[in-house]
Protein chains: 2
Amino acid sequence: MEHRISDLLKKHGLRSTTMREEVLRTFFAANKRALDHPELERRLPHADRITLYRTLKTFAEKGLIHEVVDGGLATKYALCPDSCTEHQHHDEHAHFHCQDCGKTICLEATATATVQVPTGFRVKQTHLVVEGSCDECF
Amino acid sequence: MEHRISDLLKKHGLRSTTMREEVLRTFFAANKRALDHPELERRLPHADRITLYRTLKTFAEKGLIHEVVDGGLATKYALCPDSCTEHQHHDEHAHFHCQDCGKTICLEATATATVQVPTGFRVKQTHLVVEGSCDECF
DNA sequence: AGGATAATGCAACAATATTGCAAATGAAAA
DNA sequence: TTTTCATTTGCAATATTGTTGCATTATCCT
Ligand SMILES: [Mn+2]
Ligand SMILES: [Mn+2]
Ligand SMILES: [Zn+2]
Ligand SMILES: [Zn+2]
């Protein structure tokens with residue numbers, strides 16, 4: 001596992017630091033669940049707030065994590081599939097957002113909906129968020 | 001039009017005030033486009049910032065407007081269909097977000113995608129955001 | 001081990017949003 | 001119309017989320 005972590009950083013052209021390894025470990029432990037800055041601060045109490053912001057931004061730019069937009073106040077992030085790189089993300093999968101506990105997870109399903117848009121508009125991609133209650137909230 | 005505005009407020013159990021009428025007029029003028037707090041402040045320069053926040057929250061609670069989640073920094077809102085009330089919203093329609101100018105509009109199409117979720121999860125509704133370029137951005 | 005370069009930690013600042021409370025206002029009752 | 005009073009407003013204070021500048025520290029390549 002330690003190898004997996006540092007190899008993943010190297011693969012994306014990033015130096016190994018304590019902060020980065022701990023953040024990445026936290027994402028792997030989250031098991032498809034999206035994490036925001038406040039939650040990462042709670043899980044890594046000694047981590048510097050600003051460095052954490054920069055770590056998340058760097059990870060997103062380099063293709064290790066992607067933003068998940070679910071309407072919450074703080075930006076959430078989740079682990080990318082292996083195929084994401086600095087140059088191109090492939091995070092077309094849908095996400096589930098629990099209305100009760102606020103938890104957000106990545107789903108396997110890809111959003112393939114075809115939607116009619118006004119004349120002159122061009123569609124590049126679609127994002128699907130499924131709202132409901134998770135297994136722990138009934 | 002003035003009647004339409006004050007009647008709409010009354011219909012949703014809200015008193016008519018200058019602020020509320022001006023905000024509502026601004027939403028009608030926006031023609032299906034979602035507006036956030038900074039833009040409303042620009043369009044209503046004399047409006048008090050805090051009252052504007054409370055107006056938006058009240059309108060959303062009472063079923064006059066709904067939040068539109070497009071990943072932008074500030075929360076965006078758009079006019080609800082007539083059928084939305086204090087007790088229940090019906091804003092299943094998809095939204096378009098322009099990656100170039102940041103503009104977001106309500107689409108006619110409803111997201112009917114059926115997505116597989118893990119065992120024990122319950123789906124209440126789905127939100128579809130279409131990303132691309134609008135007619136003014138090529 | 002040395003040195004170039006990247007990352008960190010701290011301070012300062014910016015943007016978005018909420019809460020408490022006294023004063024002003026809207027609308028129903030008198 | 002005037003009175004009444006709950007609602008709404010405006011202002012101050014505070015909270016939350018996020019960014020930028022810069023000196024110091026750490027990583028990694030040779
Ligand atoms: Mn990705
Ligand atoms: Mn609505
Ligand atoms: Zn839940
Ligand atoms: Zn545009």
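Each chain gets a letter, A, B and so on, in the order the sequences are listed, and its residues count up from 1. Please read these numbers as outputs of a predicted model, since none were measured by experiment.
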Expressed as a whole number of angstroms, how long is the span from [X]:[atom1] to [N]:[atom2]?
X: L14(B); N: dA6(D); atom1: CG; atom2: P; result: 18 Å
X: D48(B); N: dT7(D); atom1: CG; atom2: P; result: 20 Å
X: L56(A); N: dA7(C); atom1: CG; atom2: C1'; result: 15 Å
X: I50(A); N: dC22(D); atom1: CD1; atom2: P; result: 16 Å
X: E22(A); N: dT8(C); atom1: CD; atom2: P; result: 11 Å
X: R20(A); N: dT25(D); atom1: CZ; atom2: C1'; result: 14 Å
X: L52(A); N: dT19(D); atom1: CG; atom2: P; result: 12 Å
X: R15(B); N: dA28(C); atom1: CZ; atom2: C1'; result: 9 Å

Donor/acceptor link under 3.5 angstrom from R49(A) side chain onto base of dG18(D): yes

OP1 or OP2 of [N] sitting under 4.0 Å from any side-chain N/O of [X]?
X: T17(B); N: dT8(D); answer: no
X: T75(B); N: dA17(C); answer: yes
X: Y53(B); N: dT18(C); answer: no

Test: R43(A) and E22(A) ion pair at under 4.0 Å: no

Any donor-acceptor N/O pair, K11(A) side chain to S6(A) backbone, under 3.5 Å: no

Side-chain (H93(A)) to main-chain (L107(A)) donor-acceptor, under 3.5 angstrom: no

Y53(A) ring center within less than 6.0 Å of H37(A) ring center: yes

Ring centre gap for H95(A) and H97(A) strictly below 6.0 Å: no

For [X], which contact category applies under a 4.0 Å heavy-atom criterion: base, sugar-phosphate, or nothing?
X: K57(A); result: sugar-phosphate
X: T58(B); result: nothing
X: R54(B); result: base

Geometric class of the F96(B)/F121(A) ring pair [parallel <30°, tilted 30-60°, perpendicular >60°]: perpendicular

Modelled atom types, side-chain donor and acceptor of K10(A) and S16(A), under 3.5 Å: no

Close residues, residues 35-46 of chain B, relative to DNA chain D [heavy-atom separation under 4.0 Å]: none

